[in-house]
Structures are given as C-alpha cells and as structure tokens.
Trainee: 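Attaching a single structure in structure tokens format; questions to follow.
Throughout, a chain's letter reflects where its sequence line sits, starting with A, and its residues are numbered from 1.
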Amino acid sequence: MLIVVDRRPGGGMLLTDERGTTEVLAAELAAAVAAREHEAGEPPRWVWSDTAALYPELLAAGVRVERCHDLRLVDTILAGVDGRPPEPALARIVEFVRPAMPRPQADALFDLEDDDSSRRRSPARTQPPAVSAPVPASSIARAQRDELARDRGPGAPTPRDLALLAAAESAGALTAIEMQRTGLPWSATTHEALLTDLLGPRPDSPGARPARLAALGAEVERLLGASPGTVPLDSPPELVKALRRAGLEVSSARSWELSRIDHPAIEPLLRYKKLSRLLTANGWNWLDTHVHDGRFRPSYVPGAVVTGRWGSAGGGALQLPKLIRGAVQADPGWVLVVADAAQLEPRILAALSNDAAMARAGAGEDLYAGIVASGAVESREHAKLGMLGAMYGGTTGQSARVLPRLQRAFPDAIRFVEEAARAGERGERVRTRLGRTSPAPSEAWRERQLIAVSDAASAAQREEARSDARSWGRFTRNFVVQGSAAEWALSWMAGVRRRLWSPLGGPLASQPHLVLFLHDELIVHAPRERALEVEEVMRAAAADAGRLLFPGSAVSFPVTVATVDRYSDTK
DNA sequence: ATTCAGCGCGCC
DNA sequence: AGGGCGCGCTGAAT
C-alpha cells in the first residue's frame, strides 16, 4: 500500500492512494493513518517529496512511519546514475513543503520541535503556505518508479540494486528525523566536570581564557623568550611568524609539523592547541547551545556527501571528540548498546572485489590480525596502514612500503581499487555496490586534460593535468569503497530500526531506539532489561546487511557490541 | 558591519 | 604528492 503525501495548502496533509486524494487536517492525521493501516493490514509506504520537511510534523502529531520513499533523495541518486540534472519539478515541491524552514543556522535544531517555546519564537514557521503545490508528488512518484525500474543494460545498476538503495536511503531519512527528535542522552554535569578538570573553571567573562589554558600560554611565551601576551596563539599565520622570530623553522602551525621541532616550547604549545580546540569546539558555549534537557539534538543530513555518507549540522554530531564521549550517558535504568562494524571498509573492498584470500583473512573478528596471520605483513599496524593507503591512494611513507606485499597477497582487492583510480584518471564515473555513481569531473578538469595531450602543451601544463588526474583518481578510488560502506551501514541501520520497531507505537523514547549513527557505528538507548535483545538485533542486522549487499559472498561483517552506561566505556 | 577563504583539527 | 566531511577562528575583502 502506497500513500502519497503532499502538504495541504490550508494546513494538514493531502493523502493520495488508489482511492483518490483525501484532505486531512493536522489534528486528524493520527486517526486517519491508523484507519488506513487497519484497513490495509500492513504498514503503508509513505511516498513524499522530502522526509525532512514532512516527517517532523507527523511525528509531532503522534504518527510514526515505518517505511517511506523519499523522492528528493532518490532523485539525487538517479540523477547521478544517469548523469542528468536533478528533477526541477521536485525542487519546486520541496520548496513548497518546506516554505517556512529557515536557513540552517545555529539554532536550526529547535525548529523541528513542537514545544511551545519554539512556536513563540517564530510563529511564522507553523503557518501553512498560501499556495498549492506546483506539482503533486504522485506524478513525480510515477515517473520515478518507471525510472527506477528501467533496464539500463549490462554493467549498469540493476532495478533490484537501485530499489534497495532507494529503500535504504529513505529508511535513513526517517531515522535521521527520529534521532534528532529523541536526541542523544547527554550529561551536562559530566561534560562540565570534564571541562573544569582539563581547562579550569569556566571563566566569568565569555572571551577569557580558562586558567589552565592561560597558564599554558604563558609558559609557551616564557620558553620562547617572548613577553607575556605577545604570542598570538590562536592565529595560525601570526603564530608562524612569532615562532620564526623566535628562531623556529616552521612553515605552518600544524600540530604534526610542530611536533617534529625540537624546542622546549613545543610541548606546552601542542597541549595548548589541543585544549584550545576542546574549548572552542566542545566547550561551555557548545554545551549552552546544543544540549538541552539532557539531550544533544543535532540534525543529520542524509545524502549530504557525494559518496552517500551522511552529514550533520548543528554541533558536529559526526565529529564528537573521543575526549568528551563520557558525557554521553544512558538515563537511569537504561543502557547504551554501542556497536561498530569491525574494519568495515577493507571488508567492503574484499566483498566488492571478490578477493578470496582477503575474505579468508577476515574470517575472524579482526581482519588486520588475519592479514598478519596470512603472512602478508609483519604487524597489525602495517596491515592497517597498508589497507588504508590502498583505499585512499596513499603514495608515501609506511603505507606505500607495505603496499607491494598486500598486492601479492590480495591481488583482486588491490586491482579493484587500482581500476577505480584509473577510471577516475580517465574522467570516467565509477559506482558503488548498489549503483550510486560518482559525479563527472568538472569541465575545467576535462579542459586541462585535453590541453595536456596537445602538442602545444607546456611541461607545466602537462604536470598540472597529471596531478589533477591523479587527484580525481584518488577520489574515485575511495568513492567505490566509502560509498559501498555507506550503503552497508545504511542497510544495517535500517535493519536495526526495523527489528526494534514496535507496531504498538507509543512515544519513541519509551522503548529501545537509535540515538547515534556515526558512519560505521550505531548506538541504541535501551531499557537495561532489553540490552541482550538489542545486542542480538545489532548482530543480526549486520548479517542481514552483508547478505543483502553481497549475496553469496564469503566475506563476513562482524560487529563489536558493548552494553555500557557511558559511551566512553567501550574498549 | 558582514561575508568569505584558508587554516587547522575533530571524526570516519 | 591521503579519501570524505563540519566547525570555529582569523584576517582580508566587501
């Protein structure tokens, strides 16, 4: 059963199914949906232009959606597959369904809440648009269904794979909204204790340096022989000048470069930079801005990255420093079930390339240990560096040195990424396992390649084109692995969500629910007595994802699962 | 006064 | 001369 959803010009929604279109006021939504589900005997699949614009309102009305199809996200994928621009009519619908949504900004995360305070701050947001949708979503849905089902010929993405991708992407969109609504359990008390411990008490005036930071700054200046307050520690370009004046030969203020310098001021300077980073990125200001009522509510942005990875906005949810993960704390009587996919990307590569030797190396819980056991390299560290280098296109250092050995041991895997790189260097597009397709290089890129092969090209032009080509090759090389890993992770998350789904409904936060998705890692917040069940769900869903993406493959995708009170308590 | 690019660093 | 991001800060540009 499909229900196509549009926003109703006067408020509420328009629901279109095989019986025609019904107007439903916001207050009636929950009842209308319940009636349809009861009639159909199965959960409907909601088809709409934009999950991010419509689902928050439904959740607020008490409607939980089990399955949906997000026309905007799927259109983006199909546009990539077929190398066409995004559907303009869809852009207009999206504009229609999210007319009052403000530009992303610091407090954007409150806009999706339904509490009174947000209404007070901006009553205009809840006003319905005065115009009707330029195109009903149902007409776009029909066209997209046909496009999804089209036979694209040998070697092209199949309808089966694209349908899987569309479902996974859409499930992700639902989860993103649900996770934002429930939020990540966050102990401001623990966070503050940590800040005070590392930085000193919170300064009274906003701009002031906390005590520990000020002391470190003074020590750096003393050791550089500079007068107090004369070394601009917070301005990289100015800091470089100051260091050079003090006789230190540095070309940038990067930590890794500074760490190579032998000078007594370097050690406190590096500590200063580390703590300063904590203060500015995740200090008291961050806490004030992003944590309320014991929850951190970032917005997640499915499909934000070309590879299919999510992005986030509002607080850097995907860059939570390990240093402050202790503040992620389960509610009393609840636990965090933390799961991460072990060595996901190399396992994805093994499956993509059908590399039997690498599949064998990954038979256990630790693929890198398996690579060492195979005799290919000396140590786990070498195995890891080498594989990362192979997937990112590293050409220097330790990773380049072990690459030949990996190539001998795992020829199929290495050939696979090399071919992706060569395709990129030729300006071709590459695809993930389920068909997400890399963008074509820019016109300027092509132009430079063409010029480079002409007789008139200068040596500099040839070199620049070569460098450009290599760079794009590194992108396509990584795209196939990162993008396929993102598909596995989306499938995993969708499986966890489906298995945790309760047909009884009720408030999302009264039963086990996903609270964090971090590329290859999931956290479920669960009542303590259901922890074992959730752990099993995490494992089972991971196995499902492997079978779904790589039917018949020998490659396994183990997940490490830990039930903890605090995020930092995992390994 | 506001906008923007570059830097640097956090995460995967 | 290593892929993908978001964010805060700085200093220059507008």
Side-chain angles (χ1 to χ4, degrees), chain A residues 104-106 108 207 232-241 250-259 269-270 272-283 285-286 289-290 298-325 340-346 348-349 384-400 403 417 420-421 424 430 432 436 438-439 463-464 466-486 488-489 516-522 567:
Chain A
Q105 53 188 13
L233 294 157
D234 298 319
S235 169
E238 297 298 318
L239 177 59
V240 169
K241 287 181 202 163
V250 292
S251 57
S252 78
R254 296 188 183 100
S255 290
W256 66 264
E257 186 180 342
L258 295 179
S259 66
L269 175 55
L270 290 174
Y272 176 93
K273 284 167 72 79
K274 185 104 185 155
L275 290 179
S276 170
R277 169 79 190 178
L278 173 66
L279 173 68
T280 55
N282 296 99
N285 288 341
W286 181 91
T289 309
H290 294 110
S299 62
Y300 297 93
V301 190
V305 183
V306 280
T307 57
R309 273 191 178 180
W310 284 13
S312 69
L318 302 182
Q319 295 98 231
L320 271 190
K322 297 211 159 134
L323 205 53
I324 61 165
R325 291 184 181 182
D340 78 275
Q343 308 94 39
L344 178 59
E345 293 199 346
I348 291 289
L349 173 56
K384 186 173 176 176
L385 274 172
M387 285 311 301
L388 290 177
M391 292 182 296
Y392 291 160
T395 54
T396 58
Q398 195 68 258
S399 94
L403 190 58
V417 282
V430 296
T432 60
R436 197 186 300 261
S438 67
E463 183 42 44
E464 162 142 45
R466 225 170 63 120
S467 158
D468 268 10
R470 289 280 158 84
S471 171
W472 196 255
R474 284 192 297 276
F475 165 61
T476 52
R477 170 199 294 267
N478 188 249
F479 182 95
V480 296
V481 178
Q482 185 185 117
S484 301
W488 183 94
L516 186 71
F517 173 52
L518 228 165
H519 303 311
D520 61 356
E521 193 168 340
L522 289 175
Y567 190 12

Trainee: Rounding to an integer number of Å, can you tell me how far A/Trp286 CH2 sits from B/dG10 P?
Mentor: 16 Å

Trainee: Report the relative orientation of the aromatic rings in A/Tyr300 and A/Trp310; use parallel for angles under 30°, tilted for 30 to 60°, perpendicular for over 60°.
Mentor: tilted

Trainee: So if I take every side-chain heavy atom of A/Ser312 and compare against C/dC5, C/dG6, C/dG3, which nucleotide ends up nearest?
Mentor: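 Among C/dC5, C/dG6, C/dG3, the one nearest the side chain of A/Ser312 is C/dG6.
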
Trainee: Please determine, for the side chain of A/Thr395, which listed nucleotide (C/dT10, C/dG2, C/dG3) has the closest atom?
Mentor: C/dG2

Trainee: To the closest 0.5 Å, what do you measure between CZ (A/Arg470) and OG1 (A/Thr395)?
Mentor: 9.0 Å

Trainee: For the atom pair CG (A/Leu239) and OH (A/Tyr272), what is the distance rounded to the nearest 0.5 Å?
Mentor: 9.5 Å

Trainee: Is there, by distance only and without an angle test, a donor paired with an acceptor across the side chain of A/Arg277 and the base of B/dC9 below 3.5 Å?
Mentor: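 Indeed there is one.
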
Trainee: So, the side chain of A/Ser484 versus the backbone of A/Val481: is there a donor-acceptor pair under 3.5 Å, distance only?
Mentor: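 Not at all, since once roles are kept as given, no pair shorter than 3.5 Å links the two residues.
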
Trainee: Specify the separation, in whole Å, of atom NZ of A/Lys274 and atom C1' of B/dC11.
Mentor: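 Atom-to-atom, A/Lys274 to B/dC11, this comes out as 12 Å.
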
Trainee: What is the distance, rounded to the nearest whole Å, between atom OH of A/Tyr300 and atom C1' of B/dC12?
Mentor: 14 Å

Trainee: Charged N to carboxylate O under 4.0 angstrom, A/Arg309 versus A/Glu345?
Mentor: yes

Trainee: Donor-acceptor check, side chain of A/Arg477 to backbone of A/Ala390, threshold 3.5 angstrom: yes or no?
Mentor: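 Yes, A/Arg477 side chain to A/Ala390 backbone: donor-acceptor pair under 3.5 Å.
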
Trainee: Can you pull every protein N or O that's under 3.5 Å from an N or O on nucleotides 12-14 of chain C?
Mentor:
none

Trainee: Of all the choices, B/dC9, B/dG10, C/dG3, which nucleotide is nearest to the side chain of A/Pro321 once you look at every atom?
Mentor: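 Comparing B/dC9, B/dG10, C/dG3 against the side chain of A/Pro321, the answer is B/dG10.
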
Trainee: Taking CD from A/Glu521 and P from B/dG10, how many angstroms apart are they, rounded to a whole number?
Mentor: 18 Å

Trainee: Distance check: side-chain N/O of A/Ser235 vs OP1/OP2 of C/dC9, anything under 4.0 Å?
Mentor: no

Trainee: Check this for me: A/Lys384, atom NZ, are more than 12 non-hydrogen atoms of other residues, nucleotides or ligands nearer than 6.0 Å?
Mentor: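 12 or below, so no.
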
Trainee: Is any side-chain nitrogen or oxygen of A/Lys322 closer than 4.0 Å to OP1 or OP2 of B/dC12?
Mentor: yes

Trainee: Below 4.5 Å, heavy atoms only, C-beta onward: do A/Phe475 and A/Pro439 meet side chain to side chain?
Mentor: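 Side-chain contact under 4.5 Å: yes.
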
Trainee: From CZ of A/Arg474 over to P of C/dG2, roughly how many Å is that when rounded to an integer?
Mentor: 6 Å

Trainee: Hey, does A/Arg309 reach any base, or is it just sugar-phosphate, or nothing, if we go heavy atoms under 4.0 Å?
Mentor: base

Trainee: Any sub-3.5 Å donor-acceptor pair from A/Ser259's side-chain atoms to A/Trp256's backbone N or O?
Mentor: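 Pair found, side chain donor or acceptor close to backbone of A/Trp256.
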
Trainee: Taking DNA chain B as the partner, which of residues 387-394 of chain A come within under 4.0 angstrom of it by heavy atom?
Mentor: none

Trainee: Measure the distance from CG on A/Leu233 to C1' on C/dG8 and round it to the nearest whole Å.
Mentor: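 Answer to the nearest Å: 16 Å.
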
Trainee: List the atom of A/Ala317, the atom of A/Ser312, and the distance in Å for their closest heavy-atom pair.
Mentor: N-OG, 3.4 Å

Trainee: So, is A/Ser255 near the phosphate of B/dC9, with a side-chain N or O under 4.0 Å from OP1 or OP2?
Mentor: yes

Trainee: Select one nucleotide: of C/dG2, C/dC5, B/dC12, the one nearest the side-chain heavy atoms of A/Asp520.
Mentor: B/dC12

Trainee: Are A/Arg325 and A/Leu320 close enough that some pair of their side-chain heavy atoms sits under 4.5 Å apart?
Mentor: yes

Trainee: What are the atom names and distances for every N/O pair under 3.5 Å that joins the protein to nucleotides 4-7 of chain B?
Mentor:
none

Trainee: Could you state the CD-C1' distance from A/Gln482 to B/dC12, rounded to the nearest angstrom?
Mentor: 8 Å

Trainee: Provide, to the nearest angstrom, the distance between the OH atom belonging to A/Tyr567 and the C1' atom belonging to B/dC12.
Mentor: 10 Å

Trainee: So what does A/Ser471 touch, heavy atoms closer than 4.0 Å: a base, only the sugar-phosphate, or nothing?
Mentor: nothing

Trainee: Which atom pair, heavy atoms only, marks the closest approach of A/Leu385 to A/Ser399?
Mentor: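 A/Leu385 and A/Ser399 have their closest heavy atoms at O-CB, 3.3 Å.
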
Trainee: Can you tell me how the ring of A/Trp286 sits relative to the ring of A/His290, calling it parallel under 30°, perpendicular over 60° and tilted otherwise?
Mentor: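 Tilted, since the angle between the ring planes falls between 30° and 60°.
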
Trainee: What does A/Arg466 touch in the nucleic acid at a heavy-atom separation under 4.0 angstrom: a base, only the sugar-phosphate, or nothing?
Mentor: nothing

Trainee: Determine the contact category for A/Gly397: base if any of its heavy atoms lies under 4.0 Å from a base atom, sugar-phosphate if only primed atoms, P, OP1 or OP2 are that close, otherwise nothing.
Mentor: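 Counting heavy atoms under 4.0 Å across all strands, no contact is made by A/Gly397.
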
Trainee: Nearest to the side chain of A/Leu518, which nucleotide is it out of B/dC12, B/dG8, C/dG4?
Mentor: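 Side chain of A/Leu518 sits closest to B/dC12.
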
